[in-house]
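Working notes for the structure below.
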Amino acid sequence: MGKIETPDSATRGILNVSRRTLLKGAGGLALGIFFAPLIRGMDALAASGPLEPNAFVRIDLDGTVTVLAKHLEMGQGSYTGLATLLAEELDADWDQVRVEGAPADAKRYNNLAFGPMQGTGGSTAMANSWEQMRNAGATAKAMLVAAAAQRWSVPASEISVSQGVLSHAGSGRSAGFGELVEAAASLPVPEQVQLKDPKDFKLIGKLDLRRKDSTDKTDGSAIFTQDFKLPGMLVAMVAYPPRFGGVPRSVDSSKAKAVRDVIEVVEFRDLPHGRSGVAVLAKNTWAARQGRDALVIEWDESQAFTLGSEEIFAQYRDSAGKPGLPAASKGDADAALAQAAKTVEADYEFPYLAHAAMEPMNCLVKLSSDRCEIWNGEQFQTVDQAIISGYLGMTPEQVSLTQLYAGGSFGRRASSVSDYLLEAVAITKAARDKGVDAPVKMVWTREDDTRGGYFRPLYLHRVRIGLDQGGKLQAWHNRIVGQSIIAGTSMEPFLVKDGIDHTSVEGISNLSYAVPNLQVELSTPTNIKVPVLWWRSVGHTHTGFVAETMIDEAAVAAGQDPYAFRHALLESHPRHRGALELAAKQAGWDKPLAAGAEGEKRGRGIAVHESFGSFVAQVAEVTVKSDGSYRLDRVVCAVDCGIAINPDVIKAQMEGGIGFALAAARHSAITLKEGRVEQSNFHDFQVLRMNEMPKVEVHIVPSAVNPTGVGEPGVPPLAPALANALFAATGVRLRKLPFPAQIKA
């Protein structure tokens with residue numbers, strides 16, 4: 001793959017070779033381990049014969065332990081979590097543990113939660129790796145112990161391992177990992193190993209365990225795609241049509257080619273995802289941008305999307321007046337509503353949202369006649385390999401993907417259509433066809449990233465709930481209108497059933513509150529051509545808001561305390577209750593909220609929601625000033641995510657999720673006018689400012705069940721908790737996001 005012009009820490013390549021070759025020539029201990037899906041159980045593994053190579057761990061002669069991470073590190077702490085699992089069972093010295101991104105190979109690095117697919121998403125990294133990485137560490141430890149026992153002629157049972165050192169108390173002998181790797185490498189790999197009892201954990205659950213990516217990201221040595229260079233590399237920047245669906249009618253590139261260091265101008269169109277564009281290739285980013293700005297393009301917009309946001313909402317309101325496809329049905333909601341003593345009806349509106357990750361989209365491609373090499377913050381290896389190889393007429397094995405750090409994603413890099421990677425490949429191919437044979441790095445500006453589509457879909461909910469004379473919730477009727485994220489993608493057979501995109505209704509179709517009559521319907525428009533994609537916590541971003549504000553309205557209609565009302569309806573959901581109880585206790589829910597200054601009103605709201613197998617409750621405290629402006633003062637968060645692998649990472653992810661959700665609640669919206677995206681950068685697609693971040697307290701519910709995710713579940717409860725707090729302060733119900741800047745009582 002040629003010389004890579006990066007610091008030494010980034011040049012250590014990962015070679016997919018046989019275990020025999022690894023053991024023979026590596027000068028260390030490299031374990032080839034294949035673990036079948038966990039549901040098969042360890043007995044099935046033992047019966048499956050020889051284990052195929054899958055190097056999750058490498059131990060070098062100097063004692064360094066390298067963990068091969070199959071999941072992308074994009075700020076969520078996956079490298080630290082995976083290393084913790086493996087190092088715990090290995091009893092490694094944490095300071096000697098390092099992490100590398102694993103190569104693209106679904107046979108060995110598949111996400112066990114996704115099936116035969118490699119990728120990072122859905123807050124599954126720790127959950128699907130829980131036993132797999134621990135087994136990898138325990139296997140390495142067993143081989144080192146066997147080597148020490150053989151060398152010292154003592155029973156293996158008498159050897160202890162701690163912080164990278166093996167010891168035999170009876171003889172006083174000890175040795176570091178590095179001293180034993182060659183001997184261990186010659187031994188057979190055990191098919192079964194004993195994992196630790198949780199009471200013996202030394203790293204899992206430790207609060208002050210240092211993150212594995214912190215130092216590199218602090219001193220600047222971390223390698224992101226923007227840092228990565230290859231000899232002779234060109235930079236590409238793309239001019240996209242101002243409306244989705246537009247294509248170039250004519251291109252005058254003369255002024256662009258006159259810019260110093262511009263090498264070529266190429267077009268791409270008719271890609272599988274339907275996007276077209278004109279790319280300028282140059283020796284550096286600045287020249288590429290100047291060249292792109294100098295292009296004179298006439299766009300053909302005869303097939304372009306031309307509706308604005310308000311027109312879309314008008315269409316959705318009309319759709320909400322008609323029955324949709326049934327997504328959940330229990331009892332007879334219409335009949336129960338007709339007989340209800342009290343009813344509450346509401347429409348909810350949610351705008352398009354950009355992901356706005358700190359690092360805009362980018363991708364480096366090196367293309368030859370029989371191979372395509374890609375370097376980027378790679379999130380969906382299997383999908384990207386399949387789509388790119390299909391476009392190039394290659395096999396997936398001919399497309400290699402090297403995983404670098406990613407500066408955030410929030411779902412954007414997990415593209416179900418491989419949009420920006422495919423465009424980078426198309427640009428590189430078009431350049432080769434013109435005789436420019438060079439690696440190409442496609443770079444987006446913030447404006448490209450904001451306007452580039454693949455937004456969180458725009459949604460509308462129409463909800464009716466009914467209560468009986470005693471204030472008991474009797475009926476819930478919920479119609480949802482919004483684009484499908486999944487329809488038309490390779491994932492449609494798995495996530496769309498009977499016309500229902502699961503990601504559109506999750507969090508409401510499986511409503512946890514005890515309601516005897518529930519009807520959830522979905523209408524999916526097919527004429528809206530705005531590219532959409534999952535956004536941090538996906539469907540829960542809107543369903544969680546609807547569920548937790550409507551249940552608050554039900555509590556008020558019933559004349560009951562919002563916490564007590566929820567608690568009673570969650571009798572059959574103890575983990576919901578546990579998170580709810582902890583958040584309420586730590587927030588002092590049973591005590592009056594301290595009064596504000598003169599002219600200020602204060603309020604407190606609560607919400608609880610399950611997403612991605614984790615349960616999060618949040619209590620928000622707000623102050624509303626006399627002019628209607630408000631601030632979120634405090635958020636108390638309780639999370640039940642099973643066994644807490646890295647408590648500090650869990651707290652950071654809850655805090656980050658709260659800030660992320662608060663931006664969407666207060667500011668963020670992508671709006672269209674005549675088909676054009678109106679926002680371009682952080683001045684008009686505003687993310688949270690530092691002075692707006694509230695005081696956050698995170699409390700982890702003690703648990704003995706297997707771990708679940710934390711990257712996304714902190715997001716859904718924040719906006720409804722805030723809305724409920726603002727209602728408590730002002731009496732105003734908020735059903736459209738983002739909230740207005742001023743809320744008058």
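K441 contributes a side-chain N or O that, together with a main-chain N or O of T225, makes up a donor-acceptor pair within less than 3.5 Å. Between the side chain of E378 and the backbone N or O of P103 there is no donor-acceptor pair closer than 3.5 Å. Under a 3.5 Å cut-off, the side chain of Q483 and the backbone N or O of I528 do form a donor-acceptor pair. In this structure, R289 contributes its side chain and M237 its backbone to no donor-acceptor pair below 3.5 Å. Between the side chain of R249 and the backbone N or O of V247, no donor-acceptor pair lies under 3.5 Å. At least one donor-acceptor pair closer than 3.5 Å links the side chain of R275 to the backbone N or O of G452. The main-chain N or O of A256 is never found under 3.5 Å from a side-chain atom of S253 such that the two would form a donor-acceptor pair. A donor-acceptor contact shorter than 3.5 Å links the side chain of Q385 to the backbone of V399. A distance-only check finds a donor-acceptor pair linking the side chain of T124 to the backbone of G121 [under 3.5 Å]. Panel note: side chain K70, backbone N110; a donor-acceptor pair is recorded below 3.5 Å.
Using a 4.0 Å cut-off between a side-chain N of Lys or Arg and a carboxylate O of Asp or Glu, R292 and D448 qualify as a salt bridge. Contact check on K255 versus D293 returns no salt bridge, with no Lys/Arg side-chain nitrogen under 4.0 Å from an Asp/Glu carboxylate oxygen. Note on K673 versus E678: no salt bridge recorded, every NZ/NE/NH1/NH2 to OD/OE distance being 4.0 Å or above.
For an aromatic pair to be called close, the ring centres must be under 6.0 Å apart, and Y454 with H355 fails this.
Looking at heavy atoms from C-beta onward, V505 lies out of side-chain contact with T543 at the 4.5 angstrom threshold. Using a 4.5 Å cut-off on side-chain heavy atoms (C-beta onward), P738 and H667 make no contact. Side-chain contact between M358 and F224 is absent, with no heavy-atom pair separated by less than 4.5 Å. L367 has its side chain within reach of K429: a pair of non-hydrogen atoms, C-beta onward, lies under 4.5 Å apart. At least one side-chain heavy atom of D419 sits less than 4.5 Å from a side-chain heavy atom of R412. Contact annotation: the side chain of F228 never approaches that of N376 to less than 4.5 Å [non-hydrogen atoms, C-beta and beyond]. You'll find the side chain of Y405 reaches within 4.5 Å of the side chain of E73, heavy atoms only. Contact of the I374 side chain with the L401 side chain is registered, since non-hydrogen atoms from C-beta on lie closer than 4.5 Å.
Judged as a side chain to side chain donor-acceptor pair (under 3.5 Å), and not counting sequence neighbours, T524 has no contacts. Under the side chain to side chain donor-acceptor pair (under 3.5 Å) criterion, D270 pairs with no residue, sequence neighbours left out. Partners of R451 under the salt bridge (Lys or Arg N to Asp or Glu O under 4.0 Å) rule, at least two apart in sequence or in another chain, do not exist in this structure. Remark: A406 engages L72, M74, E359, R413 in a side chain to side chain contact (heavy atoms under 4.5 Å, CB included) (not counting sequence neighbours). With sequence neighbours excluded, the residues forming a salt bridge (Lys or Arg N to Asp or Glu O under 4.0 Å) with E349 are R317, K736, listed by chain and number. Partners of P439 according to the side chain to side chain contact (heavy atoms under 4.5 Å, CB included) rule, which considers only residues two or more places apart in sequence or in another chain, are L230, M233, L364, K366. With sequence neighbours excluded, the residues that form a salt bridge (Lys or Arg N to Asp or Glu O under 4.0 Å) with D318 are K322. Contacts of F410 classified as ring-ring contact (aromatic ring centres under 6.0 Å, His included), with partners at least two apart in sequence or in another chain: F660. The side chain to side chain donor-acceptor pair (under 3.5 Å) test applied to T526 returns no partner, not counting sequence neighbours. Scanning for side chain to side chain donor-acceptor pair (under 3.5 Å) contacts around E712 gives S123, with sequence neighbours left out.
More than 12 non-hydrogen atoms from other residues, nucleotides or ligands lie less than 6.0 angstrom from CZ of R689. In the displayed structure, K497 atom NZ is contacted under 6.0 Å by at most 12 heavy atoms of other residues, nucleotides or ligands. Within a 6.0 Å radius of CD in Q303, no more than 12 heavy atoms belonging to other residues, nucleotides or ligands are found. By the 6.0 Å contact criterion, CG on N527 is enclosed, its count of non-hydrogen atoms from other residues, nucleotides or ligands being greater than 12.
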For a quick test of your reading: what N or O donor-acceptor pairs under 3.5 Å do the side chains of residues 487-495 make, sequence neighbours left out?
| unit_1 | atom_1 | unit_2 | atom_2 | d |
| --- | --- | --- | --- | --- |
| T489 | OG1 | I486 | O | 2.7 |
| T489 | OG1 | M491 | N | 3.2 |
| E492 | OE1 | G488 | N | 2.8 |

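Side-chain contact check for Q403 and Y109: no donor-acceptor pair (N or O, by modelled atom type) lies under 3.5 Å. In this model, a donor atom of one side chain and an acceptor atom of the other lie less than 3.5 Å apart for D384 and S418. Checking T541 against R456 by side-chain atom types alone, a donor-acceptor pair falls below 3.5 Å. No side-chain donor from either of Y352 and Q679 sits under 3.5 Å from a side-chain acceptor of the other.
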Does the pair E264 and L234 meet the rule for a side chain to side chain contact (heavy atoms under 4.5 Å, CB included), with working shown? CA-CA 10 Å; E264 188 55 89; L234 299 177; over 6 Å; no
Would you check, one step at a time, whether the test side chain to side chain contact (heavy atoms under 4.5 Å, CB included) holds for D347 with Y316? CA-CA 11 Å; D347 278 9; Y316 283 16; over 6 Å; no
Chi angles and distances behind the side chain to side chain contact (heavy atoms under 4.5 Å, CB included) call for S537, F612: CA-CA 8 Å; S537 74; F612 307 97; 4.1 Å; yes
Give the C-alpha distance, both sets of side-chain angles, the deciding distance and a yes or no for side chain to side chain contact (heavy atoms under 4.5 Å, CB included) between L307 and Q315. CA-CA 10 Å; L307 294 182; Q315 177 183 322; 4.2 Å; yes
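The ring-ring contact (aromatic ring centres under 6.0 Å, His included) pairs that include a residue from residues 276-296 number zero, where partners must be two or more places apart or lie in different chains.
The minimum heavy-atom distance linking S668 with F685 is given by the pair CB-CZ, 3.6 Å. The heavy-atom pair separating H273 from L422 by the smallest distance is ND1-CD2, 3.6 Å. Closest heavy-atom contact between I388 and C372: CG2-SG, 4.3 Å. For G324 against R479, the heavy-atom pair with the smallest separation is N-NE, 4.5 Å. The two atoms that bring C363 and L421 nearest to each other are SG-CG, 4.0 Å, heavy atoms only. What you find for V532 and I485 is that their closest heavy atoms are CG2-CA, 4.2 Å.
From I387, atom CD1 reaches atom CG of L392 across 12.0 Å, with rounding to the nearest 0.5 Å.
Taking the six-membered ring for Trp and thresholds of 30 and 60 degrees, F350 and H461 have ring planes more than 60 degrees apart, a perpendicular arrangement.
Applying ring pair (Phe, Tyr, Trp, His ring centres under 6.0 Å) to H542 and the options W535, Y348, Y459 leaves one that passes, Y459.
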